[in-house]
Every structure is written in C-alpha cells, then in structure tokens.
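Treat the numbers as computed from the prediction; the structure is a model and nothing was measured. Per chain, numbering begins at 1; letters A, B, ... match sequence-line order.
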Amino acid sequence: MNLNLTINGILHETSAQPGETLMSVLRRYGFHSVKFGDEQGLSGSDTVLLDGRLVNAGVMLAAQAEGHQIATLEALGEHPEQGWKKTGGLHPLQQAFVESGAIQCGYCTPAQILAAKALLDKNPDPTESEVREAIAGVLCRCTGYIKPVKAILQAAAVMRGEIPGGEGPAGGWLELPEEETPTPLTTQGGEPIVQTRVMPNVVVTPENKQWNLVGKPEKKLDAVKLVQGKPAFTADIELRGLLHAKVLKSPHAHARIRKIDASKARALPGVAAVLTWEDLPRVVYSTAGQSDPIPGPLDMFSLDNKVRYAGDRVAFVAAETPEIAEQALGLIEVEYELLEAILDSSQAMKDGAVRIHDEPEYVDFADSDPTRNLAAEIRIDIGNVEKGFAEADRVFEAEYEVPKVQQAHIEPHVCVTYWDEDDRLVVRTSTQVPFHARRMLAPVLGLPVKRIRVIKPRIGGGFGGKQEVQIEDVAAHLTIATKRPVLYECSREEEFIASRSRHPMKIRMKTGVKKDGAITANEMYALSDTGAYGCHALTVTGNTGHKSMALYVGAGEYRQAPNIRFYADIVYTNTPPAGAYRGYGVPQGYWPVERHMEKIAREMGFDPLEFRLKNALRPGEYHPFSTAWNEGREPRPEIIHTVGLEDCVLQGKAAIGWDHKYGCEEWRRSGGGQEGNTRKGIGAALVMQGTAIPYLDMGGASIKMNDDGSFNMLVGATDLGTGSDTVLGQMAAEVLGVPLEDIIAYSSDTDFTPFDKGAYASSTTYISGGAVVRAAEIVKEQIQQRAALMLNQEGEHREIKAEEIRLADRQASAPDGRSVPLSEIALDSLHRQEQEQIMGVASYVSPCSPPPFAAQFAEVTVDMETGQVTVDKLVMAVDSGVIVNPLTASGQIEGGMTQALGYAVCEEMVYDEKGQARERDFGDYHIFRSDEMPELTTIFVETFEPSHPFGVKAVAEIPMDGVAPAVGNAVLDAAGVQIDDNPVTPEKVWRALKQKA
Amino acid sequence: MIREYHRPKTIEEALTLIAEPGVVPLGGGIQLSQPGARPAAVVDLQALGLNKIHKVGNNLEIGAAVTLQALLESEHCPTDLKQALKLEAPLNIRNAATVAGALAACDGRSPFAAAMLALDAQVSLQPGEETAGLGNILPLRQEALAGKLITTVTIPLNAAFAYRQVARTPMDKPILCAAMTLWSSKRTRLVLGGWGASPSLAMDGREPGGYAQAARNAAQESGDQWASAEYRRETAEILSRRCFTRISKELP
C-alpha cells in the first residue's frame, strides 16, 4: 500500500506492506537510529516520537503513522563541524550524553535521548524520578541508568539557561557520614542546585597524579557517532540483494531426525535456499570463542541429525523477506524419533541415563566423557584438606544453588555475510572475538582462514554472549549456498531459547574453622550444567573455584599453607547450552562462598567483615590456585602484589553507614513500610576476579603517524561498549604527548588490525593496553630520533640526544627549551628527508593475572508478610588498580551491579518437564528498569599494579560477583532467614519466614 | 500475516469492516503488529473519535481508543488505578496501547485488567448498543468480541479503589495482585491477578469482612510456574487486607 509518512518534517511518499511495522519502513529508508531490540516493544530501542509522544516503532504498523509527525534521532543534532560547513552542532541532550559518560554500547542511546526530549518538551524542569519514569521504557543493560539520568538533568539545566551543577572532585577519602541522609547540595545562596555529578569517588595513587590523560574522565571516542544514531552497528549496513535468514528450531528437548523434507519450503516463491543436515559437510567444532586449542570438547555441528534441546537447530532458510523465511520454516516437514531427555543435572551421570552425545566425531578435551554425559571434570587439591578439617574446631557444611541467567544484550546476535570482489567471504558480525571467529569458521565452512574476513562494527552489548561463534555459520552457509548477502538477526525469543547463558550450578560447601576464626580448610564441590553443548564448560566452572575459593586462604599457619579443594563435574543436559557470561563462573562461586562465610561468622559470633579480612589473601602471597590449575593448561605459580581489600572495606563501610546500621535493631525497624510490616537489613560480600589469562591472552596494536601529527591506532581488541577504545587511546595519547582527539582508534577487522584474542576475561585494558603502550613507546622513540635530527640541524646548539626529547602538548621538546611540533615531525618524516613511516607494532602477553578486589554492600527492605525484598542501596568499593578513565570505569561498575542485582532478585531461566523455556521475552525475563533502581555508589580505591606500565587491573567483571550474596546476607540481617538459592524471590523468603516461625 | 489495513472514519464503516471473518479492530497495535498469529485485516480505530474521556455523573466514560497514558493523566483517574497503569507498561507502550486493546489482549498478570475488573468496568459494544460487565467478557473474549467493537469503557468514581501487588522487583509483573473497590453501600468487589488467562473475581458482595476468605478461595487453584497456590492463597489474604485497610479510610 502507498503511504505518505512525514519523517523529521519531510513528507516521504512510500510504499509498505499492510502488516509492515513503522520500524521496518524507517530502517528501510535509512533511519538507523531506530533499532531492533525485541518484538514486544519492551526493550524500547525502537523508540520514535509520534506527534511528540514516545512510541515503539517496532510494535506499530507503518500505516498507523500516516497523518502524524514522526521524529527520529537523526533530526536532533549533528557534528558541529563538517569541513567548510558549520552546523548547529549537537543538541544539548546529545552533548550532555557525550560529556556525562552516559553512552556505553550506544544501542539504546537514540531511544533514551528521544525519551528525554519528549519529557523536556513538556516539562523543562523535571525531577530525577520524572526522568527515570520517562526513560523507563528504554532498557539499558550497560549503564545502570545513573549517567543517562544525570545527563538528562544536566541538559535540562543547560536548556533552562542555568549553570548546571559541576563535577565533584575526583579524589579524596570519604568520611564516615554523621547523618543517615546527606544534606542536599545547594548554591552559595542556599538554593538547591541540579545534581548532575557522574564521577565516582576515587582514592588516587600517587603515580596517577603525574599523568595528563591517564586517570582523567575523557569523553568516549565513539560517543559523538553513537549519540547521533549513526549506522554503526552490524545490521545497519545496506547491501543489494540482501537475503534474510531464519532457523527452524527443535520443538523437542531430545530427538533424532528420522526424516526431513524441505521440498515445499524450497518451492515457496521468494525462498533462495533451505539447508538441512543432509546438505552440509559434517564438521565437528565448538562455538566457544577461545584461543587454540579450544579448552573444551568439540561436540557440535552446524546442523545435525539429532537435536539436543528445545530450540536446537534443525534447518536454515534464506529468503527475500523475513516473513517469507518464516513462512518457509513452517513448510519444512520433520519426522522426529523422540528420545528420553535429561533436564536435571543431578540425573545426568546416573547409571542408565540416556547419552546426549553419541556422535562418533566427538573430540574429548581433558577429562570429558560423553558416555557419562560428562563434558568436563575438575579435581584440584591444594595442601591437605582432610588434615585441615581434622584440625578445625567447627566444620560447617551447606548446599547452595545458582540459576541459569541470560546476558540479555539489547542488540541481539546479528551477522551479515557476503562474498567480496576477490571471492573472499566477509563476515560482518556483532562479536567479541573476531579473530577466533575467523579461525573457527574456516573448517566449518570449508574455507582457508585467508579467505575469510571478519569485521566487527560497534557492538550493542555482549557480556560474554558474543564470545561465542554462535550464528555466523548460519549466514555464511546460506551465502555459500546462494552467492548472495545474508542477514541473520536473532529474535528475542531465539536469544532466550537458543543462545548461551550462565551455567547453573548446585554447590556444596564445607569449611573448617578454628575458635579464633582461622579457616583451616575450605572445600567446594560444584555440579555444573553446561546444557546440550560443552562450550566453555571446563573454563567457566574452573573459574568458579579458581577465583571464589582463592580469596580465603586461612589465617596463621594456614595462611602459609592453605588447604583448599575444588572439585567439579560439568554435565550435559537437554537444555540450551550455557556459555560465557560476564563474571565467567565467578558469580556462581561467590553466592555460596559469601553466604557460607556469613553463616560461619554469625554462628561463631565474629564480626562478618573482620572474619573475612582475617582469612583473605594479602599482598605478596601466592594465588593459591596458580600452583594447581590454569584453565586446562600447565599451572604457573603467581604472586599477588596488590590487594586493596582492607581499604575497600573501610571505604564501603563508611559510604553505606555500616557501623550505625549493622546489628542495630532500631535501624532494622526504621523502614516502616506502607502497612508497617517491613524490616531493613544490611549485608556485605568480599570478592576477587582475575585480569586476563596469563601466558595465553595476547593483544596486538599498531600506531602510525599521519601528516598532521595525529595517529591511527589499530587494535584487534573489541570495544563492546565498555569504552576500551577510549581507554586504549588515552594510554597511547599519554605516551605520545597528544590530546585524545589526535588518536583515531579503529577496532576491529581481521584484514587490517593486529590480532587480539578478543574482549573477555577482563583483559582489554591490561593486555591490549600493554600492547598499545609498547607500540606507542616504539613510535615515541622514532619521534624522538626525528626531533633530535631536526633540532640538531638548526645550527649552533649543544647536540640533542633522542632520549632527552620529551613529548607533551603536541610538541617534541628538548631540554634547552627548543621544540618541534609533531605535525612538523610528521611532514619531515613523510616528505622532506630520510623519509620513513613513523609507526610501531607491538603485542603483549602477561605472565600474571593480577586480581581486582572489591567490597560489596547492600541494604534491603523485607516485607515480613509477603516475603518481597526491595533492594534500597548498593555500594561497591573496588580495587581495580589505577583507573584510566573514572567515567567509563564507574559506568562498568554501575552497569555490572545492575546486572548482578537481577541475579540477586529476579533473573532466572526455568524449564518445564518437557524442557520448554518459561522465559521467552523481556516481559517474563525482567531486567531492571530506570524507575526501580536502588541507589548505586561506586568507590575506586586505587593500587598501583607493578606488572602494568600504568598500574591497571581489571574492572569489567568484578561488579557481577558480590551483589547477590550481599543481598542474601542483607535479607538474613533483616529477616533472620537463610536463602541458599538465588534469586531471592518473595516466595522463597516467605517460606523461610514460615519455617522460622 | 496482515494483508489489509483500514482506517475508517465512521463507526458504521468500521462495523461493516469487522463483520467480515478475520478482520479485527486495531487499537495501539502493540499486540497485533507482533510476529506470530496475525489477523488477515485490521481496522484502525484512531479516526473514530473514540479517544475522549468524559466524567458523566459518578462515572468516568473512557473511549475505547483512549491510550493508557491519557487515562493515567486524566484528573479523574483514581490514584491506585494510576499505579496499576504504571505497572502495566512503561511510558512508550502506554502512549500507544489503548484501553480497549489492553483489556482485549490482557492475561491474568495484567495489573490494569485486574483493576478495571475490580472497578466493575462496563463495556459498551457496537453493533447493538450492548453493555456488558468486563467480567462477562474477559473469560470468553474471542466469542464475546467477535464482530463487535468496544466503544467505551465506564468505571465508577463514587467508590474507593485500592491496588496492591507482590513482585520480584518494584516494577515487575505481579506474582500476585489484589484490586479492591468499596462503594458507600458497602458493596465490595475484590479481584486477584497474577496467574491464568485473565484476572479472577474473588468477591462481589455487601459484607466487606468476607474478603479474607474470598481471597483464599479465589487463589485455591492458582499454582503455576511462577508461584505455588499455597503462597498465593496466603498472600492474597494479606494483599486484600492491605487494600481494605487503605480504602476503608476513604469512605465516609
């Protein structure tokens, strides 16, 4: 049908199918700021304004919008300078988002800004809660909402003509608050001012103070692009003849395909290809995006004659439109032979259990044994655990359980494949691991690595979900079959039923303790459920023990020789595969460890924090597991140099007011509640994570100088919204003495950028940063030599040595006060004499994995009648070494705490007796919205990690670890009940309260 | 797949269109624009003038095409109904979803439907100028609304209303919700939600004190994947009490 749509004030005469959504038409016309997040409108990334009102273009027919004014972000503002043409620049909202660090992946940013604009058009002076309600329909999985909310308040103040409240000081110790409620900020005249502070509190190391860019809240390099909604993401590419892929999913949890007939589907007009297992070569592989050799079993095929979970792949279709592809799926006739399904991990290894992997091509890794449904096995003994138990005064045993949860990045898995003019296959994909993807796809597709090019554009969130080569083969097989470009974009339901997730585990703890509080031995057994395939099975579960069981080594003589045992069985079940999810097994470990420590402390009458610190790792001690385990490789002992845990506890306690809340019955009763039946509680957890995988993770970087003294920095590291390009740029700029704007960062393209293992294991700032600093040092040396050459040609002066030259303020300066601008050095080297390209290439692999540490605090209110838990406040004090960029780093902590909050109280994936998923959309799988967030506080307690030139450690994953146990411990404090399996839902608390009564 | 889109300018025109099999009215489009089972044709109600809210005596007449947000912003909207609307959906969905559409598409976990059922919302239908209680329509919606058009939904303003829910987070769907309306005549209407295909009427009588037992009875068979019947039975009594405590203060 013909439609006249007024988009951004311009009338477009268009045509659309009667059932076509407004989002589909807008994207077809190039308005790429409107993004797909889900089919129900619950993610809100498809937001546009219709007559000034916020609506979801993905759940509105294009025809409904005729006669209305449609506005997208494209009309709001633009880059202030475009050559000779000056523009109006960015809108104050866009500017505020850039300046406030409100953008991480940027996928939801256009929608958030439009939501803010709709609000400010009606209400120029909104309260924070009004802002939170206005953007509540736009889910953000990255930020924790603090910075977007503050950015909107700041923009509102700017638009009102007021001077917005500025940044708070970056440093300074916190003092114990005297009052429970801090005094509101006021101007000198006593008027309340707009609270737009987005900086965390940072306790700064002395080393930090010498740098110009490292340690500073620089704006993200990609912020201006993302704040305009530019077509930066995978699906934003426009290709002639693009086909749309769909995948037929198994309705059964376990079945053999007896017969499959795709003839009717192939005959449907508009269908370009249908592929079944009969059409593809049978290549066994693993989808886990890891270094070679992959530390796990090879147990998957692109398509197989057996399905192992409800949602497993049965057939691929490529068609002219998504609707035709969907219709074709319904025409594929499949005859299944149903097999017994294992849905409970505790049944997987029982005698007589059905075998899930009976394919002859199965390739073992380490101790996998498919005859017993065992994907991997871990047995780690450090010291003499039995002796430790025998010497204990008390031994505490308990069982815990943690659920399967989803990464829930708002941009789904999405991939476009096409043949280029050289008959090389281009894979444009939203991936955390472009280089692993290229290597792993090659055998699956029957192509040599050199004929595959993987391009990683901007990523709309990954959180480990895209450390999987999960869908690229689907599009690639269809491109090979059709010779045409193919787009495969997962639906939200596919994300829930057929993507990866966090491994659920059943965990048993046993801990021996002396009367004085010294832990004599600590033991964990984990039964981990990897689902139908063993991707990341060994390594995720290994980290469960490696990180969480390493924190408490014991006290006194036990500190010198810790007794720790970690055993795990990782079993197959007929449920969707688990995989990598931010934290990588460690959150699963800290729920039982920190719940267990709390029980022990309370049972034995110790202060819970003093008990923990008494037994926790200290600087100069060995990481206990480094002597025993290394992700399936040879272990190498490693000393931990920096542990800021005690200061983290001190800072966190002060920020949450621990000393006048913990153990205070009057405070517990102070919640009141609407019906007067609530109690408040406070809880804590201490955690540690890792920083990259030692002797394995490698990152590369190249830096080359341009004619104007700017630099191209090419890294294989994959910025998945975290701001790593910016942080790496800051390090390069610091070494080269230029502002960040002179660094043009690009990541990643397997044809152009050096290798990097990818964005996982909290490694980019440390590993890729190490490579960038080395490359920058090489470039710096070349610049120094060129500057010395030029200065020594100036006549009667003492000869300047290259190493005397200092780089700062875009100048190369000699000790005698003379200097050469970098732009002159660039021109001299490229055009004038002894021409050469000033350029450095370097890589970095670390011999150690210095752990970040943190103290996590939570404050809750428990409804003592219904069991409902409301988390009121989260405080996290973190030792992540030197913080290169406090804005992006605090964004990581805030966003991580928010995801972890879901793990604490609402997120879980449940299956019925037939293996059918309960959670299939954002209605049932609830992730926190902006209008229901607790207060979040982030504190960085810096240490200087000596193994890195700028003293950094990791920040990305550690916020996932402590929130759930801190909330569990706070519920114990409030209500006196033990909840041993998360999430802490109302019925669990209610049952525990009844049992207690 | 939607093969036809119509935007009639009169109710008569709309009624002619929806009399055909497979043709359904389109409110905000939130449900009907989604993939999956789609009707053959939709009749967009936006040009029919059904987007008005009128206070008529002690009643609030809400046009079928009034958006949830417009109702929320109405000065006459009861306080707890506003809260149920906020819990129903975030702003961008409330801006498009219509009152009639949300009721026609609701399931048992809809705070808004539970609230409207407790308010004994009266639904006006065309053709035939019929009026039916929402409670009579919800259980058999497919049949009750086939070939019909909701034109207005009317709720009382001379009654006290309260809504309470238990959920995993402050804005999550209810595991259990209770909505209660109390008239000055002591007529008390209690609805529970949180499970099933639509909210359940637990009580409609003139003995307010009976709400506790009524709540327990209504939740007798309420167990599902989200909560046990035991939990819902006991919590239903608690939430009903809280509703009653709240609204009993409002009546003279």
Side-chain angles (χ1 to χ4, degrees), chain A residues 1 17-22 39-42 44 47 50 53-56 58-61 63-64 66-67 111 115 118 133-138 322-323 326-327 491 674-675 863 865-871 902 905-906 910 912 918 923-924 926 928-929 931-932 983 985-987 990-991 994, chain B residues 1-7 26-36 38-42 44 46-47 67 69-70 86 89-97 107 109 164-173 175-176 224-228 230-232 234-235 237-239 241-242 245-246:
Chain A
M1 63 189 290
Q17 295 299 314
E20 192 170 358
T21 64
L22 179 57
E39 290 79 4
Q40 293 78 32
L42 295 168
T47 292
L50 195 76
R53 288 178 301 120
L54 204 61
V55 296
N56 298 108
V59 285
M60 171 175 281
L61 302 179
Q64 287 178 269
E66 193 173 40
E133 191 179 328
I135 64 168
V138 183
E323 291 75 21
E326 193 72 45
Q327 203 182 341
S491 68
Q674 202 171 40
E675 275 84 21
D863 184 322
E865 288 186 304
T866 65
Q868 180 165 286
V869 174
T870 305
V871 179
V905 299
C906 62
V910 175
D912 70 11
R918 184 180 73 173
D924 288 339
H926 185 80
F928 267 77
R929 291 170 23 177
D931 58 348
E932 56 178 342
T985 54
E987 184 166 353
W990 174 82
R991 284 196 181 281
K994 275 193 72 154
Chain B
M1 189 179 287
I2 296 173
R3 299 192 186 282
E4 290 175 35
Y5 169 89
H6 304 278
R7 192 188 291 184
L26 177 79
I30 304 290
Q31 298 290 331
L32 292 175
S33 64
Q34 292 182 21
R38 287 183 172 187
V42 292
D44 190 339
Q46 66 171 280
T67 64
Q69 182 62 16
K86 284 185 180 179
L91 175 62
N92 25 354
I93 291 180
R94 292 199 304 267
N95 272 333
D107 65 14
R109 295 197 284 168
R164 291 287 182 276
Q165 75 169 43
V166 174
R168 298 172 296 185
T169 77
M171 300 307 289
D172 193 11
K173 286 184 181 181
I175 295 168
L176 181 81
D224 62 12
Q225 280 190 305
W226 298 94
S228 69
E230 181 193 8
Y231 176 70
R232 285 205 176 103
E234 295 213 13
T235 311
E237 185 180 336
I238 295 161
L239 295 187
R241 187 191 72 224
R242 291 179 184 180
T245 304
R246 159 142 167 65

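Between the CH2 atom in A:Trp990 and the CD1 atom in B:Ile238 there is a gap of 8.0 Å [rounded to 0.5 Å]. Of the inter-residue distances, the one linking B:Met1 atom CE with A:Gln327 atom CD reads 5.5 Å to the nearest 0.5 angstrom. In this structure, CZ in A:Arg918 is found 6.0 Å from CD in B:Gln225, a value given to the nearest 0.5 Å.
Heavy-atom pairs under 4.5 Å with chain A were tallied for B:Thr169, B:Asp44, B:Ile30, B:Leu176; the largest tally goes to B:Thr169. If you tally non-hydrogen atom pairs under 4.5 Å between each of A:Asp924, A:Leu22, A:Leu61, A:Thr985 and chain B, the highest count goes to A:Asp924. When A:Gly923, A:Gly44, A:Ala136 are compared by the number of non-hydrogen pairs under 4.5 Å with chain B, A:Gly923 comes out ahead. Annotation: maximal heavy-atom pairing with chain B below 4.5 Å, among A:Glu987, A:Arg53, A:Glu66, A:Gln868, occurs at A:Glu987. Highest contact tally toward chain A, considering only B:Asp172, B:Val166, B:Leu91, is held by B:Asp172 [criterion: heavy-atom pairs under 4.5 Å]. Note on A:Val869, A:Val871, A:Asp863: by heavy-atom pairs under 4.5 Å with chain B, the leading option is A:Asp863. Comparing A:Met60, A:Glu326, A:Gln40, A:Gln17 by how many heavy-atom pairs each has under 4.5 Å with chain B, the most go to A:Gln40.
B:Ile93 is listed as a side-chain neighbour of A:Leu42, based on a closest heavy-atom distance under 4.5 Å.
Using a distance-only test at 3.5 Å, with no hydrogens or angles considered, a donor-acceptor pair links the side chain of B:Tyr231 to the main chain of A:Thr866. Looking at A:Gln64, its side chain does come within 3.5 Å of a backbone N or O of B:Gly28 through a donor-acceptor pair. Here the side chain of B:Arg168 pairs no donor or acceptor atom with the backbone of A:Pro983 at under 3.5 angstrom. Distance alone, capped at 3.5 Å, places no donor-acceptor pair between the A:Glu865 side chain and the B:Thr235 backbone.
B:Asn92 pairs with exactly one of A:Leu50, A:Ile135, A:Thr47 by the side-chain contact (heavy atoms from CB on, under 4.5 Å) rule, that one being A:Thr47.
Heavy atoms from other residues, nucleotides or ligands lying under 6.0 Å from NZ of B:Lys173 number more than 12.
Between B:Ala167 and A:Pro986, the closest heavy-atom pair is O-CG, 3.6 Å. In plain terms, the two heavy atoms of B:Ser33 and A:Thr21 that are nearest each other are O-CG2, 4.0 Å. A:Gly137 approaches B:Pro90 most closely through the heavy-atom pair CA-CB, 3.3 Å.
Proximity to chain B involves both the backbone and the side chain of A:Glu133, based on heavy atoms less than 4.5 angstrom apart. Of the two parts of B:Arg7, only the side chain, counted from C-beta on, holds a non-hydrogen atom closer than 4.5 Å to a non-hydrogen atom of chain A. For a residue to count as touching a neighbouring chain, one of its non-hydrogen atoms must lie under 4.5 Å from one of that chain's; by this rule B:Arg232 does not touch chain A. With a 4.5 Å cut-off on non-hydrogen atoms, B:Gln69 does not touch chain A at all. Proximity to chain A is absent for every atom of B:Glu237, based on heavy atoms less than 4.5 angstrom apart.
Side chains of B:Ser228 and A:Arg991: a donor-acceptor N/O pair is present below 3.5 angstrom, by distance only.
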Trace of the side-chain contact (heavy atoms from CB on, under 4.5 Å) decision for A:Glu20 with B:Tyr5: CA-CA 10 Å; A:Glu20 192 170 358; B:Tyr5 169 89; over 6 Å; no
